[in-house]
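Notes follow the structure.
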There are 2 protein chains.
Amino acid sequence: MKKYSKQRQLIYNSLKNRTDHPTAEQLYEDLKLEMPKIGIATVYRNLIELCESGEVIKLKSLNGPDRYDGNNKPHIHFECNKCNTLYDIFLNENDLKNMDDNINNISSLIGAKPEKTFLTITGRCGNCT
Amino acid sequence: MKKYSKQRQLIYNSLKNRTDHPTAEQLYEDLKLEMPKIGIATVYRNLIELCESGEVIKLKSLNGPDRYDGNNKPHIHFECNKCNTLYDIFLNENDLKNMDDNINNISSLIGAKPEKTFLTITGRCGNCT
DNA sequence: TTGAAATATGATAACGATTATCATTATTAT
DNA sequence: ATAATAATGATAATCGTTATCATATTTCAA
């Protein structure tokens with residue numbers, strides 16, 4: 001049976017309350033301010049848990065370590081290849097539905113059943129032109 | 001000036017002649033059959049080159065090391081989360097254009113200039129249902 | 001051609017990110 | 001409360017990748 005722990009709550013809350021997409025290391029550094037004895041392994045362990053349960057999304061960065069997104073509502077990411085900022089882009093309901101239909105159609109081309117879709121656009125963000 | 005090397009040619013040709021998406025390690029093992037003295041560092045170095053020149057695409061896998069795709073025409077990937085196979089999915093010209101327009105529109109939402117887009121769908125492939 | 005300059009190679013050390021190990025501590029259910 | 005279970009923190013180990021560097025290959029100009 002799964003047990004409640006202060007650490008897991010803290011990690012969960014922290015990710016839900018921030019809109020950036022920190023690496024495990026960044027999250028760890030920030031959490032130490034609130035809980036100085038927390039260990040980096042605990043952070044990684046709980047990130048795995050939270051990803052498996054679907055509460056958190058793990059994002060594979062093109063340049064750098066994995067990053068974590070506390071927002072599990074479907075959305076798109078834009079990764080700036082200059083400043084490395086990851087932007088969230090939320091589509092309206094209509095566009096989301098269209099995209100979903102597309103994903104299903106595309107998957108059916110190879111007889112596959114889709115579960116999660118990752119759409120990442122890379123390029124220059126507005127601040128880095 | 002860039003120099004021609006047997007190794008670079010071999011790596012390039014190998015990636016262009018296979019349609020799977022090998023990891024650097026897999027590629028290395030295969031290349032050793034043809035060129036037993038090739039080093040893993042040479043493989044990595046040339047993969048970096050080939051990716052920078054746009055000849056090859058580096059794919060971030062959700063479970064496992066990076067994989068390399070010798071096909072640089074725009075297409076989509078489906079990653080099976082059971083057998084880890086990466087499938088290519090090619091869209092027709094029309095769908096590609098629509099997608100491209102969408103990417104531009106989406107990027108403009110945050111004032112960004114898109115360069116490359118990565119669309120990966122995960123789920124169960126036809127063989128793993 | 002040949003030889004000097006430039007660049008790539010292969011062996012391996014070093015590194016960064018992540019996971020495994022394990023003794024200790026915290027949480028849960030009785 | 002207490003026993004059972006699961007999580008923690010410290011840190012070792014692992015994995016993928018990059019850096020280093022002496023040697024070898026390639027290129028270009030004479």
Side-chain angles (χ1 to χ4, degrees), chain A residues 1-15 20-53 55-70 79 81 84 86 120, chain B residues 1-15 20-53 55-69 79 81 84 86 118 120:
Chain A
M1 161 168 301
K2 185 176 290 188
K3 289 188 181 176
Y4 172 102
S5 83
K6 296 271 163 54
Q7 289 84 345
R8 184 171 301 149
Q9 271 297 308
L10 192 62
I11 291 164
Y12 176 87
N13 287 335
S14 176
L15 271 174
D20 62 343
H21 304 80
T23 64
E25 183 71 30
Q26 287 169 342
L27 195 53
Y28 169 63
E29 290 301 330
D30 292 349
L31 292 174
K32 273 203 294 192
L33 300 176
E34 288 191 59
M35 186 184 276
K37 291 198 65 65
I38 196 171
I40 184 83
T42 300
V43 174
Y44 274 105
R45 267 190 306 252
N46 282 288
L47 285 173
I48 291 170
E49 290 257 352
L50 291 167
C51 286
E52 280 173 352
S53 75
E55 284 295 341
V56 166
I57 310 288
K58 182 202 272 201
L59 303 172
K60 308 293 292 188
S61 167
L62 269 193
N63 5 270
D66 295 346
R67 298 170 68 166
Y68 296 88
D69 189 342
E79 181 175 359
N81 53 28
N84 284 349
L86 263 180
T120 300
Chain B
M1 161 168 301
K2 187 175 289 188
K3 291 191 180 173
Y4 171 101
S5 82
K6 296 269 163 53
Q7 290 84 344
R8 186 172 298 150
Q9 272 296 309
L10 192 62
I11 291 164
Y12 177 86
N13 288 335
S14 178
L15 272 173
D20 63 342
H21 304 78
T23 64
E25 183 71 29
Q26 288 169 342
L27 196 52
Y28 169 63
E29 290 301 330
D30 292 349
L31 293 174
K32 273 202 295 192
L33 300 177
E34 287 191 60
M35 187 183 275
K37 292 198 64 65
I38 196 171
I40 184 84
T42 299
V43 175
Y44 274 106
R45 266 189 306 251
N46 282 289
L47 285 172
I48 291 171
E49 289 257 352
L50 292 167
C51 285
E52 281 174 351
S53 75
E55 285 294 342
V56 167
I57 309 287
K58 182 203 272 201
L59 303 172
K60 307 292 293 187
S61 166
L62 268 192
N63 5 269
D66 295 347
R67 298 170 70 166
Y68 296 88
D69 188 344
E79 182 175 359
N81 54 28
N84 284 349
L86 262 180
F118 300 92
T120 300

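Numbered from 1 within each chain, the chains take letters A, B, ... in sequence-line order. Quick caveat, the model's predicted, so the values are computed rather than measured.
Close to C:dT28, at under 4.0 Å from its OP1 or OP2, lies no side-chain N or O of A:Lys2.
Atom-to-atom, CD1 of B:Ile40 to P of C:dG10 comes out at 11 Å; the value is rounded to the nearest Å. Going from atom CZ of A:Arg45 over to atom C1' of D:dT11 covers 12 Å, rounded to whole Å.
A:Arg8 comes within 4.0 angstrom of the backbone, heavy atoms only, and of no base. Using a 4.0 Å heavy-atom criterion, one finds that A:Ser5 contacts the sugar-phosphate atoms exclusively.
Of all nucleotides listed (D:dT8, D:dA10, C:dT9), C:dT9 comes nearest to the side chain of B:Asn46. Each of C:dG10, C:dT18, D:dG16 was ranked by its minimum atom distance to the side chain of B:Tyr44; first place goes to D:dG16. Considering only side-chain atoms of A:Ala24, the nucleotide from C:dT9, C:dT18, D:dA10 that sits closest is C:dT18. Of the candidate nucleotides D:dT8, C:dA17, C:dT9, C:dA17 has the atom lying nearest to any side-chain atom of A:Pro65. When the nucleotides D:dT18, C:dT9, D:dA10 are ranked by their closest atom to the side chain of A:Lys37, D:dA10 comes out on top. Distance from the side chain of B:Gln7 is smallest to C:dG10 among C:dT12, D:dT26, C:dG10. For B:Asp66, whose side chain is taken as the heavy atoms from C-beta onward, the closest listed nucleotide among D:dA10, C:dG10, D:dT17 is D:dT17. Checked against C:dT12, C:dT9, D:dT8, the side chain of A:Thr42 finds its nearest nucleotide in D:dT8.
Between A:Lys2 and A:Arg8 the shortest side-chain heavy-atom distance falls below 4.5 Å. B:Lys6 is not listed as a side-chain neighbour of B:Ile38, based on a closest heavy-atom distance of 4.5 Å or more. Between A:Leu27 and A:Ser14 there is a side-chain heavy-atom pair separated by less than 4.5 Å.
If you find the closest nucleotide of DNA chain D to A:Tyr4 and to B:Lys58, the one lying nearer the 5' end belongs to A:Tyr4. Mapping B:Lys6 and A:Tyr28 onto DNA chain D via the closest heavy atom, the residue that lands nearer the 5' end is A:Tyr28.
Counting heavy atoms of neighbouring residues, nucleotides and ligands inside a 6.0 Å radius, atom NZ of B:Lys32 exceeds 12 of them.
Without hydrogens or angle criteria, B:Glu34 side chain to B:Leu10 main chain gives no donor-acceptor distance under 3.5 Å.
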